[in-house]
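Structure record follows, encoded as structure tokens.
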Amino acid sequence: MAKDNKKMVDAITSMDEDFAQWYTDICKKAELIEYTSVKGCMVIRPYGYAIWENIQRILDGMFKETGHENVCMPMFIPESLLQKEKDHVEGFAPEVAWVTMGGSEKLEDRLCVRPTSETLFCEHYSNIVHSYRDLPKLYNQWVSVVRWEKTTRPFLRSREFLWQEGHTIHETAQEAIEETERMLNVYADFCEKYLAIPVIKGQKTESDKFAGAESTYAIEALMHDGKALQAGTSHYFGDGFARAFGIQFTSRENKLEYPYQTSWGMTTRLIGAIIMTHGDNNGLVLPPAVAPIQAVIIPVQQHKEGVLDEARKLYDTLKAAGIRVKIDDSENSPGWKFAEYEMKGVPVRIELGPKDIESKQCVIVTRHNREKTFVAIDDLVSAVNTKLEEVRDGIYQAALENRERRTYACTTMDEITKALEEKGDGFIKAMWCGEEACEDKVKEVTGVGSRCIPLEQEQLSDVCVCCGKPAKKMVYWGKAY
RNA sequence: CGGGGUGUGGCUCAGUUUGGUAGAGCGCCACGUUCGGGACGUGGAGGUCGUGGGUUCAAAUCCCGUCACCCCGACCA
């Protein structure tokens with residue numbers, strides 16, 4: 001039935017007209033955020049925060065499942081501590097915020113507001129790790145961090161953002177590498193299964209890796225407009241941090257050794273990824289697993305005898321079945337409510353009016369395709385659950401198709417330029433020799449930077465797309481958020 | 001951080017060129033009629049014109065600073 005994509009919500013700028021404005025409109029109109037008087041610091045409103053809480057709940061469960069414990073580090077880092085690992089401080093110094101006063105007294109040592117907490121974890125590990133028996137430590141924390149960004153955008157790049165940062169420390173390099181890979185997989189599974197966002201797993205190039213890391217892995221997603229978004233990272237540190245911070249333990253062979261570390265993180269940027277992967281011209285489209293409201297009941301002609309009573313019965317039934325359900329019995333017209341909950345991305349809408357009650361049925365409409373189904377009231381719970389799964393699968397497929405359509409395999413620089421011009425922004429797959437000079441040149445000439453070296457390699461050609469020398473790896477390139 | 005643009009009731013904007021003391025539509029509140037895709041009528045409330053200085057008898061309007069947002073670059077989860 002009504003499968004047209006007619007725009008029903010004119011409060012939101014059309015995507016094709018102005019993608020950036022469309023994105024901002026959704027953030028505001030779906031009541032995810034509100035700006036504050038500090039640049040880059042936003043209020044995450046209840047509806048937006050509820051999405052984050054669902055993300056947290058699921059991810060946290062996955063971390064616990066893989067043996068991690070939550071801890072909480074302080075938010076301040078003394079300058080001397082930050083300085084200990086050279087690459088790390090060089091990477092982060094340009095964007096840290098400093099506390100220089102305590103009350104009216106100038107601080108002897110100024111304090112950095114954590115941009116990330118490697119240094120704090122390292123200091124802590126140096127105190128508590130003495131023997132191989134103390135290893136591994138598999139820690140995670142849910143906190144906010146501050147990075148003084150120049151250009152800011154809600155969720156995508158704010159100066160303060162919420163995230164989780166996992167920090168683990170291991171007896172052997174092998175174990176730490178396995179941990180790095182394990183968490184990358186956890187992230188990818190989470191994105192695909194729960195957020196319905198297809199991702200590319202890969203390794204960052206040398207120039208793009210985390211400050212202080214030996215290697216950085218990431219999952220990259222492609223947004224509706226063809227730009228890439230890094231959705232999560234997992235780093236292998238080797239023993240570099242341990243050496244810099246003097247973390248040592250006595251091994252099984254009774255030798256003093258340096259342990260190996262990892263860190264991995266995901267942020268509220270995921271909410272931005274959800275918006276830009278699934279959203280449409282009528283607003284947000286939320287993956288059912290993290291939607292604050294999974295199903296909204298809209299009574300039609302609610303003033304008529306019995307309608308609200310019946311609607312409330314549906315509400316009780318769905319709630320008892322563990323579905324996050326809301327009933328909107330406000331005085332707004334049904335049409336207004338349809339538009340409102342579409343804008344807010346509620347996956348499933350249930351309409352119930354006198355006609356339905358008479359025939360013991362109701363109408364279920366799925367958000368992503370506006371498909372209407374008539375369902376017997378007795379079968380409602382299973383029907384809603386089925387529809388929620390359909391929404392998850394439907395939006396995943398749509399996102400995957402968008403990515404496939406916008407992924408171009410290229411063997412020459414000209415092909416890259418041409419593909420971008422003719423088909424629009426997207427992922428470029430092209431071979432690379434491994435030289436940073438070529439990476440820079442590709443960016444300079446075509447405008448796309450390296451996103452990652454995918455774990456799943458293809459041999460598109462034997463030579464580098466840029467210099468023609470023998471190619472080492474196939475790389476995904478793209479314009480990034 | 002560089003180049004460009006925009007800030008006027010909650011929202012979208014007019015008014016700024018040529019200074020004279022603030023308007024519209026939507027939203028909000030009340031009542032009534034409505035109700036299967038953003039209903040209608042009547043009445044009402046709501047603005048130190050982003051903000052700080054300056055010029056002037058008088059500033060939304062002119063000048064200087066500053067802040068926020070948007071677009072394009074460079075940096076980044």
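Model, not experiment: these values are computed from the prediction. Heavy atoms only: backbone and side chains are in, while hydrogens, waters and symmetry mates are out. In what follows, chains carry the letters A, B, and so on, assigned in the order in which the sequence lines appear, proteins first and then strands, with residues in each chain numbered from 1.
In this structure, A:Gln230 reaches the sugar-phosphate backbone alone: every heavy-atom distance under 4.0 Å involves primed, P, OP1 or OP2 atoms, never a base. A:Gly353 comes within contact range of at least one nucleobase, with a heavy-atom separation under 4.0 Å. No engagement by A:Thr233 is indicated, since no non-hydrogen atom pair under 4.0 Å with the nucleic acid exists. Looking at heavy-atom distances under 4.0 Å, A:Val145 makes no contact with the nucleic acid at all. Counting non-hydrogen atoms under 4.0 angstrom, A:Lys304 reaches nothing in the nucleic acid. The residue A:Tyr481 sits close to a base: some heavy atom pair falls under 4.0 Å.
Checking A:Thr216 against A:His235 by side-chain atom types alone, a donor-acceptor pair falls below 3.5 Å. Between the side chains of A:Gln141 and A:Ser117, at least one donor N or O sits under 3.5 Å from an acceptor N or O.
Residue A:Gln21 places its side chain closer to B:C70 than to any other of B:C70, B:A74, B:G36. If you check B:U34, B:C75, B:C35 against the side chain of A:His303, the one that comes closest is B:C35.
Residue A:Tyr217 has no polar side-chain atom (N or O) positioned under 4.0 Å from OP1 or OP2 of B:A77. Close to B:C69, at under 4.0 Å from its OP1 or OP2, lies a side-chain N or O of A:Thr152. Between A:Ser333 and the phosphate of B:A39, there is a side-chain N or O to OP1/OP2 separation shorter than 4.0 Å.
Closest non-hydrogen pair, A:Glu214 versus A:Gly238, comes out as OE1-CA, 3.8 Å.
B:A77 has A:Phe161 stacked on its base ring, the centres lying under 5.5 angstrom apart and the planes within 30 degrees of parallel.
Across the protein-nucleic acid pair, A:Trp336 atom CH2 and B:A39 atom C1' stand 14 Å apart, rounded to whole Å.
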